Participant: 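The structure's right below; bear with me while I get my questions together.
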Amino acid sequence: MNRHIKQLIELSKIDKEVDAFDPQIEAVNHRYEATLSKKATLEQSIKELDLECAELQQKKVQNEHYLSELSDKLRENKKKASDIKTEKEMKSLQLEEEIAKEQISFANEEIVRLDKIEQSKQERLNELKNSLEELEQNVATIKQESDVQMAQIDLLRQEVFARKEALVSKMNQKGLSYYQKIRRWAKNSTAVPIHKKACMGCYIVVSDKVYNDAILGEEIVSCPHCGRILYVETSKESAA
Ligand SMILES: [Zn+2]
């Protein structure tokens with residue numbers, strides 16, 4: 001096989017290695033970002049619950065205020081009772097008193113009800129705050145782990161880049177630009193082997209002439225169907 005073709009095939013393999021780092025980097029980033037987003041969600045829930053508890057407390061204060069107004073009213077009614085002259089006045093005062101007492105019991109019930117709700121929200125709030133504390137520690141650990149993983153990936157990547165640079169510097173410009181033109185659309189299948197006489201890019205069988213040209217490897221052979229660069233993997237083909 002011609003040296004230039006060997007270089008193209010080698011380059012396509014190195015490019016594949018370079019691209020293989022992307023999902024690894026993505027996975028590392030994803031893990032860290034997912035933890036951050038979980039933390040943000042938790043913080044938001046805590047904020048909302050805090051607000052809800054504050055509203056409940058305010059409602060309780062309003063009810064307590066209302067209660068003290070009602071007891072003031074009852075005290076006043078008692079004073080008025082001594083000045084009552086007619087039965088009609090007495091009945092109306094009794095009615096007022098009954099209503100005030102009903103309202104008092106209602107306000108008391110309402111305070112108990114609000115208390116219960118607030119208590120359960122407070123419990124939930126404490127749970128969330130504990131989870132957040134735990135998660136914050138996790139975030140720190142995951143950040144450290146991510147940094148280490150990224151550094152490892154970066155080292156490996158630098159090694160591959162160095163190999164690519166060394167190879168590209170030896171390659172002829174014409175073959176390289178031909179390769180790059182195909183790579184723009186074919187990505188990691190720019191140079192593909194022929195397997196069982198079919199192009200492993202488009203899986204269409206190639207003619208005997210194309211196949212033989214690829215075995216000879218004297219010049220770049222392109223798939224007549226898809227345009228990818230074709231080569232024959234000698235060890236594989238002889239085994240087949
Ligand atoms: Zn093809």
Side-chain angles (χ1 to χ4, degrees), residues 1-38 40-41 139 142-240:
M1 197 188 278
N2 171 318
R3 179 171 60 93
H4 297 303
I5 299 171
K6 270 190 189 157
Q7 287 170 335
L8 282 183
I9 295 163
E10 179 61 19
L11 181 60
S12 81
K13 286 178 179 166
I14 293 180
D15 274 338
K16 220 186 244 184
E17 281 184 63
V18 171
D19 284 354
F21 287 114
D22 289 345
Q24 291 179 36
I25 292 168
E26 218 170 286
V28 173
N29 279 335
H30 177 76
R31 183 170 170 241
Y32 180 56
E33 274 155 23
T35 317
L36 282 187
S37 121
K38 209 170 155 189
T41 310
V139 168
I142 288 171
K143 175 82 180 107
Q144 277 178 348
E145 286 171 2
S146 299
D147 287 348
V148 171
Q149 285 168 332
M150 281 298 191
Q152 283 168 343
I153 292 172
D154 206 45
L155 264 182
L156 294 171
R157 214 157 58 139
Q158 276 172 22
E159 183 269 324
V160 178
F161 278 143
R163 261 197 287 138
K164 181 174 173 174
E165 224 173 72
L167 177 64
V168 167
S169 72
K170 287 186 293 189
M171 287 176 73
N172 81 19
Q173 201 49 47
K174 210 175 136 205
L176 193 61
S177 54
Y178 182 67
Y179 170 88
Q180 278 160 344
K181 218 171 89 186
I182 301 172
R183 185 168 160 79
R184 237 172 272 153
W185 60 268
K187 311 286 182 216
N188 275 331
S189 64
T190 302
V192 289
I194 297 176
H195 185 54
K196 290 184 177 161
K197 291 206 175 168
C199 157
M200 285 297 104
C202 66
Y203 303 101
I204 296 175
V205 172
V206 297
S207 68
D208 286 343
K209 185 182 182 308
V210 171
Y211 182 58
N212 289 332
D213 284 350
I215 292 175
L216 279 176
E218 279 171 359
E219 51 191 309
I220 298 175
V221 176
S222 300
C223 171
H225 310 291
C226 69
R228 290 178 174 90
I229 299 165
L230 292 175
Y231 65 93
V232 173
E233 274 173 327
T234 34
S235 58
K236 223 184 199 175
E237 282 297 312
S238 56

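Model, not experiment: these values are computed from the prediction. All ligand and atom numbering here is 1-based and tracks the order in the structure. FYI, the numbering just counts along the sequence from 1.
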Participant: For the atoms SG of Cys226 and SG of Cys202, give the angle they form at the Zn ion (ligand 1), rounded to 10 degrees.
Facilitator: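 Answer comes to 120°, rounded to 10°.
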Participant: Would one find an N, O or S atom of His225, in either backbone or side chain, under 2.8 Å from the Zn ion (ligand 1)?
Facilitator: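 No.
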Participant: With no hydrogens and no angle check, is any side-chain donor or acceptor of Arg228 less than 3.5 Å from a backbone partner on Ser189?
Facilitator: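 Confirmed, Arg228 side chain pairs with Ser189 backbone.
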Participant: Take a 6.0 Å sphere around CD of Glu26 and say whether it holds more than 12 heavy atoms from other residues, nucleotides or ligands.
Facilitator: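 At most 12 heavy atoms, drawn from other residues, nucleotides or ligands, come within 6.0 Å of this atom.
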Participant: Check this for me, if you would: do Asp19 and Arg183 make a salt bridge, where the nitrogen-to-carboxylate-oxygen distance has to be below 4.0 angstrom?
Facilitator: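 Salt bridge flag = yes for Arg183 with Asp19.
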Participant: Quick check for you: with the Zn ion (ligand 1) as the vertex, what angle do SG of Cys223 and SG of Cys199 span, to 10°?
Facilitator: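 If I round to 10°, I get 110°.
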Participant: Under the 3.5 angstrom rule, does the side chain of His225 hit a backbone N or O of Val205 as a donor-acceptor pair?
Facilitator: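 Checking the backbone N and O of Val205 against the side chain of His225, a donor-acceptor pair under 3.5 Å is found.
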